[in-house]
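Please read the structure below before turning to the comments.
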Amino acid sequence: MRLLAIFASFAAHTATAEPKFQDLSANLPTHIYAGGWEHFVGGGLAVFDCNADGLPDVFAAGGENPALMMHNEGEFKFTTVNIAPLTGVTGAYPIDLDGDGFKDLFVLRVGANRVLKGGPDCRFSDATEAMGIPTDDKWSTAFTAWWEGGETRPTLAIGNYVDRSDSDGPFEACDTNSILRPTANGYTETILSPGFCPLSILAANDARGRPALRLSNDRHYYVSGGYEQMWDIKERRFLGDGDGWKNVALWGMGIASRDLNGDGLDEVMLTSMGDQVLQFARSDGTYVAAPYAIGTYAQRPHVGDEGRPSTGWHAEFGDVNNDGRADLFIAKGNVDQMPTMAERDPNNLLVQNADGTFSEAAHTAGIATFERSRGGALADFDLDGKLDLIVSNRRAALELYRNVTEDVGKAVFVTLQQSGGNRDAIGATITLDAGDITQMVQTTIGGGHAGGSLTPHHFGIGDATEAKITVKWPDGTASSSQISAGRAVTLSKP
């Protein structure tokens, strides 16, 4: 496929402002993700507002160290929230499991996963047993959730990595995965097999426009016979050749999903060792790999003298300069001391250009450090309308960056709420029209690498003064409203 054909639908919007970030890592409490081989992976971050003050707070996995909950005090000052010590944590995802309006945490661990129930003033309590969540001794590394039919509680999917009980492992010893569905008394477990060592799962509408689970799997341990997977949620089956699904084998680690060309279908970014693979959704319901010239493969370090391949982990789309085009952050870092891969492996900030290509900006932006990064999140921590950045590292301290980019475009923030159990309208899609800019995002929980955010949706709108917001709610109904530039709006149903 020719590059021109792929980018034909991109409009030339506001000129791109060069991103700049200020390192404010010293403002964070001391915290390090550490541990042996069971914590070579993981290190995720969960970003959400735990006390309804409008400021995003952060939960950080610790591996062999206790996990850390941090409250955002404003002005980039974070303090530790006292929670019961929890070790073995690989990651966590914010989710309102019981529909009470407080964000809970589904915590992934090496060992029994936990549910931390949120309450007023960032208070958390262990509600794993009370909510009827089955537990086991597996090594969980991926999570996603969605609401089925008229259920008031979500269905949960948990990805499990290497089977630690397999004496013939770790190679060719990938564990099975789990789907937990709500029942009258809690949850019932269904085994999802085969499992190929997933490091990320995302429930979202696929290129067919149907809800599906995408599983990104680590070839390092499935070695051969495995591949990336797609599982149809309604039909409860894996897709194959008859569905146009082509098997791809990757050292899969993270998933990011975003409509990049305005056709209403999400493109998918898959991080890996070596190539970071961007797949374009096609109107026939299939995917095609982006051409190399798009600038997203990021297969080697972009600064320094390393010639060995990069290792990608968490990936996330977000508009860091508010020009109406989604940019892409990728956390990079050697697994530990893998000699075939780059050891000094800086993170990527790939800024989208007007023609749909991407240019590397991490070094000039000031975020290209050389730690073994794992998790990350783009969020507006100071409510100035620009996306800031937090990064977790293996065997190194957390990093925090304030977005100080000058001459950025305008932005709006959209929060969805609805009655019933699915308070945050997971499964809804938001379409924004502002001038010649059209953007579409799905409201999801999952993806990334071992962590994700549940914060207001951020849209850069360039020079536009207002935007039209159209929401397709999870029940299929739609509503529209207008929002002025620089405003935040909460849209409620009913």
Sequence neighbours excluded and cut-off under 3.5 Å, please list the side-chain donor-acceptor pairs for residues 22-30, or say none.
unit_1 : atom_1 : unit_2 : atom_2 : d
Asp23  : OD1    : Ser25  : N      : 2.9
Asp23  : OD1    : Ser25  : OG     : 2.6
Ser25  : OG     : Leu400 : N      : 3.0
Asn27  : ND2    : Phe76  : O      : 2.7

Residues Asn51, His71; criterion side-chain hydrogen bond (donor to acceptor under 3.5 Å, both in side chains); working and verdict: CA-CA 9 Å; Asn51 64 343; His71 177 243; 2.9 Å; yes

Side chains of Ser216 and Glu228: any donor to acceptor distance under 3.5 Å? yes

Donor + acceptor pair across side chains of Ser165, Asp163 (<3.5 Å): yes

What residues form a side-chain contact (heavy atoms from CB on, under 4.5 Å) with Thr455, not counting sequence neighbours? Val47, Pro56, Ser453

Measure the OG-CE distance between Ser310 and Met273 for me, rounded to the nearest 0.5 Å. 11.5 Å

Can you tell me if Thr311 and Asn334 form a side-chain donor-acceptor pair at under 3.5 Å? no

To the nearest 0.5 Å, tell me how far Phe78 CZ sits from Glu73 CD. 9.5 Å

Any donor-acceptor pair under 3.5 Å from Arg109 side chain to Ser140 backbone: no

Test of understanding: with side-chain hydrogen bond (donor to acceptor under 3.5 Å, both in side chains), list the residues that count as partners of Lys386, not counting sequence neighbours. none

How far does CZ of Phe280 sit from CD of Glu267, to the nearest 0.5 angstrom? 5.0 Å

Name all pairs fulfilling the salt bridge (charged side-chain N to carboxylate O under 4.0 Å, His left out) condition that reach into residues 81-103, sequence neighbours left out, sorted by first residue then second. Asp98-Lys117, Asp100-Lys117, Lys103-Asp424

Distance-only, no hydrogens or angles: does the Asp266 side chain make a donor-acceptor pair with backbone N or O of Asp259 under 3.5 Å? yes

Do we see a donor-acceptor contact under 3.5 Å between the side chains of Ser257 and Gln442? no

If a pair satisfies salt bridge (charged side-chain N to carboxylate O under 4.0 Å, His left out) and one of its residues is in residues 124-134, list it, with sequence neighbours excluded. Arg114-Asp126

Hey, could you give me each pair passing salt bridge (charged side-chain N to carboxylate O under 4.0 Å, His left out) that has a residue in residues 194-204? Not counting sequence neighbours. none

